[in-house]
Protein chains: 2
Amino acid sequence: MAFKKKETPPGETAAQNVAALITAEIFDQFDLGLQLPSETELAARFKVSRVTVREALKLLAGRGLINLSRGRRAAIQQPDGAMFGAFLQALIHSDPRAVFDLTQVRRSLEVQSVTLACRNASRSGIDVVTSALAVMREIAQSMPEGEANVEVGQAFDHADVKFHQSIALAGGNRVLTFLFEAMEGALIESFKRSRRFQKRSRDTLLSVCDEHAQVLEHVQLKDERAAIEALLALIDRSEANLRSSSGMNVRSRM
Amino acid sequence: MAFKKKETPPGETAAQNVAALITAEIFDQFDLGLQLPSETELAARFKVSRVTVREALKLLAGRGLINLSRGRRAAIQQPDGAMFGAFLQALIHSDPRAVFDLTQVRRSLEVQSVTLACRNASRSGIDVVTSALAVMREIAQSMPEGEANVEVGQAFDHADVKFHQSIALAGGNRVLTFLFEAMEGALIESFKRSRRFQKRSRDTLLSVCDEHAQVLEHVQLKDERAAIEALLALIDRSEANLRSSSGMNVRSRM
DNA sequence: GTGCAAAAACTTGTCATACAAGTTGTCTAT
DNA sequence: ATAGACAACTTGTATGACAAGTTTTTGCAC
């Protein structure tokens with residue numbers, strides 16, 4: 001990897017400058033997993049101390065561009081939705097009403113996701129969705145009959161989100177897949193909050209699984225209309241829970 | 001700001017640990033502009049060196065959670081779409097076909113945006129959209145008659161994107177607004193690429209303005225169907241340009 | 001007391017050096 | 001040829017120092 005040398009920038013710090021230079025190189029040859037030179041080497045190239053290089057690398061790591069781990073060199077990484085997700089969580093934390101903004105957006109993205117899955121899903125893509133559903137069922141079965149277990153409920157929510165992600169993946173749109181990944185954290189967080197005072201029995205979870213199974217079934221048959229209908233029914237119920245538990249007044253459906 | 005103390009984490013590094021602790025505190029009290037304690041103070045609290053604290057702060061700065069500048073303490077910052085936008089640009093850079101993934105997502109977000117604007121737009125929200133359109137017209141008028149100017153064209157694209165952002169803003173959904181901000185960079189980039197060999201005359205730009213004016217008009221009248229129709233016509237033409245210039249085969253419309 | 005400029009006190013940015021801790025490649029003994 | 005010890009490399013953290021900004025305090029003139 002060939003880095004260009006550059007003197008000193010005006011108002012910016014050296015670390016920012018180095019970060020920008022490395023970023024440019026990463027964009028130039030965007031090979032995932034490719035390793036950057038060692039910190040000492042970078043320091044020599046840019047004529048700065050290793051500390052400065054390290055701070056630049058931390059900046060890039062914060063942006064999700066590279067992966068740092070002890071003993072190993074920095075590796076170019078595909079950014080995931082983590083950072084965007086962090087923003088969403090912060091937004092929702094600062095104003096809980098923003099959850100509904102999120103679910104509103106989510107609804108239209110889900111519709112598109114299912115539509116694309118109907119059109120583009122390969123056999124292997126469907127398999128992933130199927131196994132995601134199987135995981136949901138498994139977790140639902142593990143819910144004790146008598147008293148509802150909170151941890152199992154959270155695991156179920158996690159599997160639920162994964163199911164929707166797998167549909168986005170099957171649809172083949174990378175931007176959409178990314179967005180679903182990014183929304184994951186915020187969605188689970190909002191689920192958790194909405195279910196603080198709301199216990200769910202095993203039967204409840206299993207019925208949720210059945211709803212999801214219907215969506216999957218229609219996707220397999222490439223029946224867009226039916227799939228969307230099943231999906232919307234599912235999301236409506238989920239949002240209704242969210243609203244009732246948080247005591248917000250209902251917004252018009254979109 | 002009261003930080004909790006914590007011993008040592010398992011596999012993670014001290015810097016990551018400190019970053020997580022600070023993040024938790026930031027989420028706890030999410031006041032924009034609020035200043036964090038000084039690095040030395042944080043180092044004392046977490047019983048780590050200042051170097052470690054600094055690396056943790058760089059991580060957070062990379063995520064857009066805080067703002068660092070020399071001599072001043074770190075300030076809590078509202079993350080903007082920059083990082084997400086950077087990801088999109090990287091994605092498109094690595095695989096130009098991803099542009100169509102983006103436009104596909106954009107289409108459905110635009111539809112929702114216009115729908116919400118029809119329902120929720122306040123008088124002042126509409127005013128912002130109107131002025132955005134005025135800017136577009138102004139730039140279009142400044143396009144020289146004889147030969148097409150590339151810079152004017154880019155300024156026009158910028159104003160175009162701003163118009164769509166203002167509609168999202170008028171719709172009142174914060175997540176949607178954020179997403180439009182985030183897509184800005186990638187959209188302009190893709191526009192730029194698609195118009196490398198394609199000159200646009202003043203009349204062309206003015207007709208684009210007219211198309212946008214129609215959308216605005218229907219939004220003002222709260223006619224959702226007509227607004228969406230006008231919007232889709234507009235987007236279709238834009239995407240057709242993108243496809244023809246990049247020589248890709250056409251995907252099915254969604 | 002007020003206003004303002006100089007100075008002191010903080011605070012962040014960068015450097016050099018040292019060592020701990022993890023990873024990778026090499027080399028030998030079997 | 002393989003396993004394990006060992007050396008070389010690499011990243012993570014600490015300490016101390018100083019440069020370069022920013023904020024607060026001080027002190028003087030009025």
Side-chain angles (χ1 to χ4, degrees), chain A residues 1 3 5-23 25-26 31-77, chain B residues 1 3 5-23 25-26 31-77:
Chain A
M1 189 177 282
F3 287 88
K5 215 183 79 179
K6 198 176 174 183
E7 300 82 49
T8 48
E12 292 186 345
T13 67
Q16 282 176 310
N17 188 31
V18 170
L21 290 175
I22 297 177
T23 303
E25 290 293 332
I26 290 178
D31 295 341
L32 290 182
L34 192 141
Q35 287 189 340
L36 264 54
S38 72
E39 294 176 355
T40 48
E41 193 173 344
L42 289 172
R45 287 206 225 219
F46 298 129
K47 305 243 173 119
V48 294
S49 76
R50 192 160 80 89
V51 175
T52 303
V53 170
R54 284 184 59 76
E55 299 199 339
L57 291 178
K58 290 285 179 189
L59 273 174
L60 300 185
R63 288 186 210 153
L65 255 73
I66 60 176
N67 193 314
L68 300 176
S69 81
R70 191 192 210 108
R72 270 194 288 250
R73 295 178 169 188
I76 297 178
Q77 192 187 21
Chain B
M1 189 177 285
F3 289 89
K5 212 182 83 180
K6 198 176 176 184
E7 299 83 47
T8 47
E12 292 186 344
T13 67
Q16 282 177 310
N17 188 30
V18 170
L21 290 175
I22 297 177
T23 302
E25 289 294 331
I26 290 178
D31 295 340
L32 289 182
L34 193 139
Q35 288 188 341
L36 264 53
S38 73
E39 294 176 355
T40 48
E41 194 172 345
L42 289 172
R45 288 206 226 218
F46 297 128
K47 303 244 172 116
V48 295
S49 76
R50 193 160 81 89
V51 175
T52 304
V53 170
R54 285 183 58 76
E55 299 200 339
L57 291 178
K58 290 286 180 189
L59 272 174
L60 300 186
R63 287 186 208 151
L65 254 73
I66 61 175
N67 194 317
L68 300 176
S69 81
R70 190 194 209 105
R72 269 194 288 251
R73 296 176 169 190
I76 297 179
Q77 192 187 21

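Note on naming: letters A, B, ... go to the chains in the order of the sequence lines (proteins, then strands), and numbering restarts at 1 for each one.
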Whole-Å gap separating P (D:dA14) and CG (B:Leu42): 14 Å
By side-chain contact (heavy atoms from CB on, under 4.5 Å), which residues pair with B:Ala43, not counting sequence neighbours? B:Val53
Can you see if the side chain of A:Thr52 gets near the phosphate of C:dC15 - specifically, an N or O under 4.0 Å from OP1 or OP2? yes
Run B:Thr23 and B:Arg63 through side-chain contact (heavy atoms from CB on, under 4.5 Å) and show every step you take. CA-CA 10 Å; B:Thr23 302; B:Arg63 287 186 208 151; 4.0 Å; yes
Atom pairs and distances, donor-acceptor, side-chain atoms in residues 67-76 of chain B, under 3.5 Å, two or more places apart:
from: B:Ser69; atom 1: OG; to: B:Arg72; atom 2: NE; distance (Å): 3.3

Can you measure A:Leu68 atom CG to D:dT10 atom C1' for me and round it to whole angstrom units? 12 Å
With A:Arg50 as reference, evaluate A:Glu39, A:Glu55, A:Glu41 under the salt bridge (charged side-chain N to carboxylate O under 4.0 Å, His left out) test and give the passing residue. A:Glu39
Separation of atom CD in A:Glu55 from atom C1' in D:dT13, rounded to whole Å: 13 Å
Shortest side-chain distance from B:Arg70, nucleotide among D:dA14, D:dT22, D:dA19: D:dA19
Find out whether B:Ile66 and B:Ile26 are in side-chain contact, i.e. whether some heavy atom of one side chain is under 4.5 Å from a heavy atom of the other. yes
From the candidates D:dA14, C:dT12, D:dT22, the one with an atom nearest any side-chain atom of B:Arg72 is D:dT22
Without decimals, in angstroms, what is the distance between A:Asn67 CG and C:dT23 P? 13 Å
I need the CD-P distance between A:Gln16 and C:dG13, as an integer number of Å. 8 Å
Atom-to-atom span, CD of A:Gln35 to C1' of D:dC9 - whole angstrom: 12 Å
Distances under 3.5 Å only, N/O to N/O: pair up the protein atoms with those of nucleotides 6-10 of chain C.
none

For the residue pair A:Val18 and A:Ala56, what are the closest heavy atoms and their distance? CG1-CB, 3.7 Å
As a test of reading the structure: which of D:dT15, C:dT24, C:dT14 is closest to the side chain of A:Ala15, going by heavy atoms? C:dT14
At less than 4.0 Å, is any side-chain N or O atom of B:Arg50 found next to OP1 or OP2 of D:dT15? Yes or no. no
Closest-nucleotide ordering on DNA chain C, the 5'-leading residue of B:Glu39 and A:Val48: B:Glu39
Between C:dA16 (P) and A:Lys47 (NZ): distance, integer Å: 12 Å
Should B:Ile22 and B:Phe46 be marked as a side-chain contact (heavy atoms from CB on, under 4.5 Å) after you check the CA-CA gap, both sets of side-chain angles, and the distance that decides it? CA-CA 10 Å; B:Ile22 297 177; B:Phe46 297 128; 4.0 Å; yes
Take the protein atom CD of A:Glu41 and the nucleotide atom P of D:dC9, then report the distance between them rounded to whole Å. 12 Å
